[in-house]
Amino acid sequence: MTFDKLINDESMLKNLNNLGYKNPTPIQEKTLPLILEKKDVLAKAKTGSGKTAAFGLPLILELDVKKRYETSAIVLAPTRELADQVAKELRRLASSLENTKILTLCGGTPMRGQIQSMRHGVHIVVGTPGRVLALLEKESLNLDFIKTLVLDEADRMLDMGFFEDIEKIINFTPKKRQTLLFSATFDAKILEFSKSIQNDRVEVEIEQESSSIQERFFNFSDEGVEKAIQHFKPETCIIFCNTKIKCKELEERLQHKNYDALSIHSDLEQIDRDETLLEFTHKSCTFLIATDVAARGLDIPSVDLVINYDMPKGEEVYTHRIGRTGRMDKEGLAISFVRGYEEYIDVELENIDSLHVDSPRSYKAKMTTLCFDGGKRDKIRAGDILGALTKELGIDGKKIGKITINRKDSYVSINSEIAQETFDKLKKSKIKGKALRVWMLS
Ligand code: AMP
């Protein structure tokens with residue numbers, strides 16, 4: 001199947017080609033025709049399945065750029081991280097259209113800026129229920145012209161207690177609208193919820209593909225995590241714990257042993273969560289230690305290894321966790337430490353000491369992230385940073401990793417071996433004629 005069988009908009013097809021989206025994913029293949037026909041769809045799809053483009057493509061294709069004061073679609077997501085990722089993907093899909101305005105409305109950011117942004121008109125809003133409702137109640141957001149309402153990770157939003165907020169938000173939207181519900185799981189709660197907000201819904205469920213995740217289970221042992229890391233040598237690894245206290249303890253323990261590990265949990269300020277995630281996606285932090293709540297909604301492509309330091313309470317959460325490895329055609333590995341009281345695990349346990357480990361050594365990340373205090377607002381683009389590093393400082397392009405440009409700041413990861421000298425040189429040089437302040441993360 002190719003995209004031209006589903007979409008007949010030439011510039012969008014070209015854009016998809018530029019994005020490297022050669023073929024639709026199964027969820028896109030099944031839902032796109034239905035969504036384009038304006039059906040209410042209830043789709044079972046996980047993060048990583050391409051679900052954002054499944055609902056995002058029709059939103060962009062239907063968009064009337066001239067009507068920027070008539071917001072035509074709203075996407076609700078459970079966490080700010082997910083909302084940011086959805087908005088990013090929508091902007092990528094809209095990059096062939098000029099002057100589209102896609103705005104994220106989430107907590108943790110002052111409302112004033114959001115209200116100001118809305119004054120210039122918005123085509124699509126992506127937000128978390130709490131903040132969206134607050135802005136509706138202040139009459140700063142108008143949903144009278146909404147054609148499509150999307151609830152992303154609906155199961156998670158219900159788990160997090162957003163049901164009432166969502167109901168109130170729906171009351172601000174027109175009765176005649178298309179409602180799309182995406183959920184990683186289908187259970188009675190979701191079906192009931194769908195019934196209350198969708199009309200003649202069509203259910204779409206993708207056959208579970210044969211798993212490309214290798215799962216191994218070990219008897220819990222005190223230093224099992226370290227042994228597993230020394231044996232499997234992942235470049236990217238998420239370690240799950242059941243509580244934030246355990247996350248912090250494990251973070252300290254691994255850092256003490258010189259592992260580049262950071263934890264992400266609900267006690268962290270949003271700004272620290274963003275920075276931790278950035279270090280992880282930039283590969284200057286190898287080990288992300290997380291609780292389920294903090295990890296939910298994070299779009300981290302291809303993690304080499306998932307470790308369950310604690311086994312989760314139920315099978316569903318287990319499936320969610322290990323789904324972070326082996327995504328989009330990549331082989332994955334998930335290893336779990338079992339203490340013996342997890343009822344749903346009925347497998348032969350291995351002994352971690354049976355794995356070969358090299359003599360213990362530190363496990364520092366290969367990359368180091370540098371940060372600049374200039375971003376899109378200052379018209380800085382990835383090419384400017386790359387140009388300054390390769391042309392002006394003469395750094396081999398192979399030693400430069402991911403570049404992220406935010407509104408006010410930018411990040412680039414550099415091979416750790418040359419990070420210090422690059423940092424020293426950058427302090428004395430300019431980027432796009434501007435002397436930006438630069439610093440090294442962690
Ligand atoms: P999602 O499930 O929406 O979080 O998407 C997971 C990742 O797949 C994102 O990084 C998308 O950019 C990417 N993606 C979405 N659709 C396609 C496609 N048809 N081909 C290749 N990559 C895709």
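Not measured: the values here are computed from a predicted model. In listed order, ligands and their atoms are each counted from 1. What you see below is based on every heavy atom in this structure, not just the backbone, and it leaves out hydrogens, waters and symmetry mates.
The nearest pair of heavy atoms linking Thr369 to His282 is OG1-CB, 3.5 Å. Here the closest non-hydrogen pair linking Val438 and Leu370 is CG2-CB, 4.4 Å.
Remark: ligand 1 atoms within the under-4.0 Å shell around heavy atoms of Thr52 are 1 (P), 3 (O), 4 (O). Close approach to Ser49 involves these atoms of ligand 1, each under 4.0 Å from a residue heavy atom: 2 (O). Of all atoms in ligand 1, numbered sequentially from 1 with element shown, those under 4.0 Å from a heavy atom of Asn23 are 18 (C), 19 (N), 20 (N). For ligand 1, the atoms sitting less than 4.0 Å from at least one non-hydrogen atom of Phe3 are 19 (N), numbered in the order shown with element in parentheses.
Summarising the local packing, CD of Glu137 is surrounded by more than 12 heavy atoms from other residues, nucleotides or ligands at distances under 6.0 Å. Within a 6.0 Å radius of NZ in Lys366, other residues, nucleotides and ligands contribute 12 heavy atoms or fewer. Within a 6.0 Å sphere centred on CG of Asp144, heavy atoms belonging to other residues, nucleotides or ligands number more than 12. Residue-environment remark: CD (Glu417) stays at or below the threshold of 12 foreign heavy atoms within 6.0 Å. For Leu19, the CG atom counts as densely surrounded, since its 6.0 Å shell holds more than 12 non-hydrogen atoms of other residues, nucleotides or ligands.
The closest approach between a heavy atom of Arg92 and any atom of ligand 1 is below 4.0 Å.
Checked by distance only, ligand 1 and Lys22 stay at 3.5 Å or farther apart across all their nitrogen or oxygen atoms. Taking any N or O of Gly50, backbone or side chain, at least one lies under 3.5 Å from an N or O belonging to ligand 1.
With a heavy-atom cut-off of 4.0 Å, Phe55 does not touch ligand 1 at all. Contacts between Leu19 and ligand 1, counted as non-hydrogen atom pairs separated by less than 4.0 Å, are absent for every part of the residue.
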